[in-house]
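To keep things clear, I will list the structure first and then write my remarks on it.
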There are 2 protein chains.
Amino acid sequence: MSKFEQIMRLSGYSRATVSRVINNSPNVNEETREKILQIMKQLDYAPNRNAVALSKGRTQQIGIVIAVLHETTISFLNHFIQAALGCGFQTIIYTSQGDKEKELQAFEDLRSKRVDGLLIMTCVNDPGKLSAYCRYGPIISWQRMRAGQIPSVAMDQGEGYRLGLEHLLAKGFTRIANVFGRPNSLNTKSRRLAFEAVMEQRGLPVRHDWYRYEVYGMLDGEQAWRSLAAMNEAPEAVLCANDYAAAGILNEARRQNLAIPQQLAIVGFDDTELSASLGITTIHNPIKEQAQNAFYWIWNIIGDESLEPSPLNFQLVERQTT
Amino acid sequence: MSKFEQIMRLSGYSRATVSRVINNSPNVNEETREKILQIMKQLDYAPNRNAVALSKGRTQQIGIVIAVLHETTISFLNHFIQAALGCGFQTIIYTSQGDKEKELQAFEDLRSKRVDGLLIMTCVNDPGKLSAYCRYGPIISWQRMRAGQIPSVAMDQGEGYRLGLEHLLAKGFTRIANVFGRPNSLNTKSRRLAFEAVMEQRGLPVRHDWYRYEVYGMLDGEQAWRSLAAMNEAPEAVLCANDYAAAGILNEARRQNLAIPQQLAIVGFDDTELSASLGITTIHNPIKEQAQNAFYWIWNIIGDESLEPSPLNFQLVERQTT
DNA sequence: TTGTACGCGTTATCAG
DNA sequence: CTGATAACGCGTACAA
């Protein structure tokens, strides 16, 4: 016999009344409540959340789809987790390691009602295919999605990128390299577009041979700068996809005894602690607001009240690398 | 009517047989199986995991208790998550933000059968109090626990610390500062003990005024070095609690135009990508093995088979800061 | 303020 | 190989 039933028997009250006490319903006689609470304590009672979830059709859990936890994403994750917690939602992590099958598991869990909603940080499956899961619950994406009906809270990074570029140009740097992330992502496209538009508008040459891709972490950044520095003509400035790449470039450039920023100017992206500590000029990215908006979007679908999204803006943070 | 029942009706088979098909039981006629699978597909059936969990008394979820996601912990988390996934367990994150009540929620969820086990990364509640939850399921800790019956997979960091210290001494550095994390943690104590034992054994002075605490991230590291450098007598070497602190110190020292390692030697801890990129000498910490062992410990209690823990050893990684 | 009766979607134990 | 029946632990109309 479950503890719930034991409480019913010992107290002499019905299932409904016991349930009311458990859920703090106001419609219970105070004496009754006290009596039942007493017995609950005595039995060391704790409600079974699986039973609650089954009965309510809700788990109060939100899944996060991501290839692998990484420095560049934890800030977003922390803010998202906290926003969710504020509304009584817990967060479960689905790391795919880039494996499509593993990733799909998260979406199957939305179907299977293990989670009430899904946040996509990065995904490897076809967005069109994933869109089919929208009918099982709210899905929001951080990364911009090229197809399907999955909305994204991401900003157009081209705008932020333009800030960095114009800053470099204002400082007199024109021979500028670009260090991107995923070659076909919308962010990369948007950045490339912004870069080329501004350069051409000013009549400056666009050096495609100074583009580098798949530069995510510091070690990638080092590697990228080695390959750029080894060219006949090396650039005098680099625009980066994130602060980690920028840090790697800075570290490698120092090893080469380059004067920063005279011989090499560097602009990072995101304004993380790393760029602050290393003194890297960067673009402030309103991560917290995006994370909150991501949760709000889900909440506005499955929650009772509706929350207003926060406004989003990029901002240049000038430090010692420009 | 649930889809499960629809399948029963449409196929003409009983609840039990349908369940057998869902769970790939071998005791089903192949034709029967095909027929039922067909209907399942047609109805877009997906099992309700809350119902499964309720019935089985298992969620296949493990909770992670942590104050806040941080660079220094994601490697451990990734390995743990992957090890768990390999045995069919998912992972749910409980961030407490250092709040005792929030942290307790994770332990209550073990009682409430939302999770089958718990991994403690960091905890703020009294270990004795938390020990009481051991009776609800397996709990393992990363951080070393001072009291209670919660076991830990952490290693005695004093050993690793000694490696770093002896390396510095061999290089001729004797005026050594220490940069610790939490002032009262077992790790800090163990490190301090190791440091003082070796120093005294060699007849070298132990400078307590060169101890710094609560140094976790890069910005903390910068701050620590500023305060050390500002003293009448500054140290010529620093032993750090982690690579991020070491990186911060290195960054600040460079800003002061100190020659590294001639004027200042730095030893990090953990051997992360950060130390590799910045060329910081550090102690390799077998994070992956610890993470796997943590999961194995849980698995060996609630799983069927039993897995052997991996052996653990620290190792010095010499780079350019010593 | 309390109780009745039913539903939530599966698994598990038998017996056949 | 299949089926009947009973858990699993709780929420919730509806009625009293």
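A salt bridge is absent between B/K100 and B/E103: the closest approach of a Lys/Arg side-chain nitrogen to an acidic carboxylate oxygen does not fall below 4.0 angstrom. Using a 4.0 Å cut-off between a side-chain N of Lys or Arg and a carboxylate O of Asp or Glu, A/R111 and A/E108 qualify as a salt bridge.
Taking 4.0 angstrom as the limit, A/T17 places none of its side-chain polar atoms (N or O) nearer than this to OP1 or OP2 of C/dT2. Residue A/S2 has no polar side-chain atom (N or O) positioned under 4.0 Å from OP1 or OP2 of D/dC8. Side-chain N/O atoms of A/S19 include one lying less than 4.0 angstrom from OP1 or OP2 on D/dG11. For the OP1/OP2 pair of D/dG11 and a distance below 4.0 Å, the side-chain nitrogens and oxygens of A/N23 include at least one atom meeting the criterion.
Note on B/N29: only backbone sugar-phosphate atoms sit closer than 4.0 angstrom, heavy atoms only; bases stay farther off.
B/N313 and B/E289 are not linked by any side-chain donor-acceptor pair at a separation below 3.5 angstrom, with hydrogens and angles left out of the test. Side-chain contact, B/Q105 with B/D109: a donor N or O sits under 3.5 Å from an acceptor N or O. There is no side-chain donor-acceptor pair under 3.5 Å between B/T122 and B/Q143.
Within residues 45-56 of chain A, the residues approaching DNA chain C are A/L54, A/S55, by heavy-atom distance under 4.0 Å.
Rounded to whole Å, the distance from CG on A/N24 to C1' on D/dG11 is 15 Å. When the P atom of D/dA6 is taken as reference, atom CE of A/M1 falls 18 Å away, rounded to whole Å. As rounded to whole Å, 16 Å separates atom P of C/dG9 from atom CZ of A/R58. Atom-to-atom, CG of A/N27 to P of D/dA15 comes out at 17 Å; the value is rounded to the nearest Å. At whole-Å resolution of the value, CD1 in B/I7 and C1' in C/dT10 are 12 Å apart. Spacing between atom CE of A/M8 and atom C1' of C/dT4 amounts to 10 Å, rounded to whole angstrom units. The separation between B/R114 atom CZ and D/dG9 atom C1' is 14 Å, rounded to whole Å. Rounded to an integer number of Å, the gap from B/R20 CZ to C/dC14 P is 14 Å.
For C/dG9, its base never sits under 3.5 Å from the side chain of B/R15 at any donor and acceptor pair.
Distance alone, capped at 3.5 Å, is enough to place a donor-acceptor pair between the A/N50 side chain and the B/K113 backbone.
Where A/A16 and B/T32 meet DNA chain D, the nucleotide closest to each residue was compared, and B/T32 sits on the side nearer the 5' end.
Counting heavy atoms of neighbouring residues, nucleotides and ligands inside a 6.0 Å radius, atom NZ of A/K35 does not exceed 12 of them.
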